[in-house]
Peer 1: 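This is the structure, below, for whatever I ask next.
We count ligands from 1, going down the list as the structure has it; atoms in each ligand are counted the same way. Note that the coordinates shown come from a computational prediction; the quantities given were computed from them, not determined experimentally.
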Amino acid sequence: MNSKPRIGVYPGTFDPVTRGHLDIISRATRVVDRLILGVAINEDKGPLFTLDERVAMLEEELKNLNNHDGSAIEVKPFDNLLTQFATSVGASVVIRGLRAVSDFEFEFQMVGMNSRLAPEVETVFLMAADKYQFISSRLVKEIGRLGGDVGEFVSPAVKSHLDKRFKRK
Ligand code: ADP
């Protein structure tokens, strides 16, 4: 039997982290022994929160995440290729969340390309619980910006960061 701990990378922009992401994180810890949350810098996506803010929010959320198997979870920013990042941290698994068919096309292409760049790294898709499947950071930001209540989609801490960003207390 192979006793080497299995390391996984869950990459994303996490702008900001949602309850959908947290559900995937909990599920991922059942698949790998160590999970690295790779925060993509993604400046060209024009993130609402800076890299440091996104990392800090994720770290804060991890403190309250209790339904994981005691697996170590770490947050690391990256701005190189995902396959290079995964290899550099010794990961053999990349975790992605799948929402609807709309995610499929893009993910399909990405797995195809990544498996050529790093054939030793396997991509594993997980689905969030029904009630979280429709959540996306993009819509959370839009709802927040227009003054809607995002409390169902993000934690109270993230909600208050959004309120501050959109200048509501
Ligand atoms: P990206 O910028 O790559 O879309 P995100 O931060 O939006 O990164 O998401 C990171 C990962 O989490 C992606 O695999 C995305 O599909 C997944 N994800 C985001 N929200 C959900 C959700 N509600 N349910 C399942 N997976 C999700």
Peer 1: Is it the case that the side chains of Asn114 and Thr83 hold a donor-acceptor pair, with the cut-off being a distance below 3.5 Å and no angle test?
Peer 2: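 On atom types as modelled, these side chains do not qualify, holding no pair under 3.5 Å.
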
Peer 1: Let me confirm one number: the OG-CD1 distance from Ser88 to Ile36, rounded to the nearest 0.5 Å.
Peer 2: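 So the gap between those two atoms works out to 8.0 Å.
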
Peer 1: Going by the atom numbers of ligand 1, which of them fall below 4.0 Å from some non-hydrogen atom of Ala128?
Peer 2: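 Those qualifying, in numeric order: 24 (N), 25 (C).
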
Peer 1: Using a strict cut-off of 4.0 Å, indicate which atoms of ligand 1 neighbour a heavy atom of Gly12.
Peer 2: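 In order of numbering, the contacting atoms are 6 (O), 8 (O), 10 (C).
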
Peer 1: Ion pair present between Glu61 and Lys63, side-chain N to carboxylate O less than 4.0 angstrom?
Peer 2: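 Answer for the salt bridge query: no.
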
Peer 1: Regarding ligand 1, does Phe134 bring an N or O atom to under 3.5 Å of one of the ligand's N or O atoms?
Peer 2: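 Between Phe134 and ligand 1 (N or O atoms, distance only) the closest approach is not under 3.5 Å.
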
Peer 1: Could you list the atoms of ligand 1 found under 4.0 angstrom from a heavy atom of Pro11?
Peer 2: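 The list of qualifying atoms is 10 (C), 11 (C).
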
Peer 1: Quick check on contacts: which atoms of ligand 1 are under 4.0 angstrom from a heavy atom of Gly20?
Peer 2: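 So the answer, numbered in order with elements, is 22 (C), 23 (N).
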
Peer 1: Looking at Asp23 and Arg19, is there a salt bridge between them, counting it only when a charged N and a carboxylate O are closer than 4.0 Å?
Peer 2: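 No, no charged N to carboxylate O under 4.0 Å.
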
Peer 1: Taking all non-hydrogen atoms of both residues into account, name the closest pair between Val39 and Arg54 and its distance.
Peer 2: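 Nearest pair, atom of Val39 first, then Arg54: CG1-NH1, 3.9 Å.
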
Peer 1: At a non-hydrogen distance cut-off of under 4.0 Å, which region of Arg138 contacts ligand 1 (side chain, backbone, both, or neither)?
Peer 2: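 Answer for Arg138: neither.
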
Peer 1: Identify the closest protein heavy atom to atom 2 (O) of ligand 1: which residue and atom is it, and at what distance?
Peer 2: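 For this ligand atom, the closest protein heavy atom is Lys45 NZ, 2.3 Å.
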
Peer 1: Does Ile24 approach ligand 1 within less than 4.0 angstrom via side chain, backbone, both or neither, non-hydrogen atoms only?
Peer 2: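 For Ile24, only side-chain atoms sit under 4.0 Å from ligand 1.
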
Peer 1: Could you tell me whether Leu126 and ligand 1 have an N or O pair separated by under 3.5 Å?
Peer 2: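 No - when backbone and side-chain N and O of Leu126 are compared with those of ligand 1, no distance drops under 3.5 Å.
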
Peer 1: Which residue holds the protein heavy atom closest to atom 7 (O) of ligand 1, what is that atom called, and what is the gap in Å?
Peer 2: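 Checking every protein heavy atom, the shortest distance to atom 7 (O) of ligand 1 gives His21 NE2, 4.0 Å.
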
Peer 1: Taking both backbone and side-chain atoms of Asp15, is any N or O found less than 3.5 Å from an N or O belonging to ligand 1?
Peer 2: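 Not met; the criterion fails.
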
Peer 1: Could you pull out the closest heavy-atom pair between Val89 and Ile7, with the gap in Å?
Peer 2: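 Shortest heavy-atom separation between Val89 and Ile7 comes out as O-CD1, 3.7 Å.
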
Peer 1: May I ask which of Tyr10, Phe14, Tyr132, Phe125 has a heavy atom nearer to atom 18 (N) of ligand 1 than the others do?
Peer 2: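 Answer by nearest heavy atom: Tyr10.
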
Peer 1: Taking Ser137 for its side chain and Pro16 for its backbone only, find out whether a donor-acceptor pair lies under 3.5 Å.
Peer 2: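 Indeed, once roles are kept as given, a pair shorter than 3.5 Å links the two residues.
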
Peer 1: Has Glu74 got more than 12 heavy atoms of other residues, nucleotides or ligands less than 6.0 Å from its CD?
Peer 2: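 Yes, because the 6.0 Å sphere around CD of Glu74 holds more than 12 heavy atoms from other groups.
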
Peer 1: Do any nitrogen or oxygen atoms of Thr18 come within less than 3.5 Å of a nitrogen or oxygen of ligand 1?
Peer 2: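 For ligand 1, there is no N or O atom that lies under 3.5 Å from one belonging to Thr18.
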
Peer 1: Just need the protein heavy atom nearest to atom 8 (O) of ligand 1, so name the residue and atom and give the distance.
Peer 2: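 Ranked first by proximity to atom 8 (O) of ligand 1 is Thr13 N, 3.3 Å.
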
Peer 1: Heavy-atom contacts under 4.0 Å between Ser136 and ligand 1: side chain, backbone, both, or neither?
Peer 2: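 No part of Ser136 is near ligand 1 at this cut-off.
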
Peer 1: So, does Arg6 use its side chain to make a donor-acceptor pair with the main chain of Val32 at under 3.5 Å?
Peer 2: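 Not at all, since once roles are kept as given, no pair shorter than 3.5 Å links the two residues.
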
Peer 1: When you look for heavy atoms under 4.0 Å from ligand 1, do you find them on the side chain of Asp103, its backbone, both, or neither?
Peer 2: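 It is the side chain that gets close, since no backbone atom is under 4.0 Å.
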
Peer 1: For atom CD of Glu107, is the number of surrounding heavy atoms from other residues, nucleotides or ligands below 6.0 Å larger than 12?
Peer 2: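 Enclosed.
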
Peer 1: Among protein heavy atoms, which sits nearest to atom 3 (O) of ligand 1, and what does the distance come to when rounded to 0.1 Å?
Peer 2: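 Going atom by atom, the protein heavy atom closest to atom 3 (O) of ligand 1 ends up being Arg96 NH2, 3.4 Å.
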
Peer 1: Among all the protein's non-hydrogen atoms, which is closest to atom 20 (N) of ligand 1, and how far away is it?
Peer 2: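 Scanning the protein heavy atoms, the shortest distance from atom 20 (N) of ligand 1 goes to Arg99 NH1, 3.3 Å.
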
Peer 1: Do you know the tightest heavy-atom contact between Ser26 and Leu65?
Peer 2: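 For Ser26 versus Leu65, the nearest heavy atoms are OG-CD1, 3.6 Å.
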
Peer 1: Starting from atom 26 (N) of ligand 1, find the nearest protein heavy-atom neighbour and note its residue, name and distance.
Peer 2: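 Answer, as residue, atom name and distance: Gly97 CA, 3.4 Å.
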
Peer 1: Mind checking whether Phe78 and Phe85 have parallel, tilted or perpendicular rings, split at 30° and 60°?
Peer 2: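 Correct class here is parallel.
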
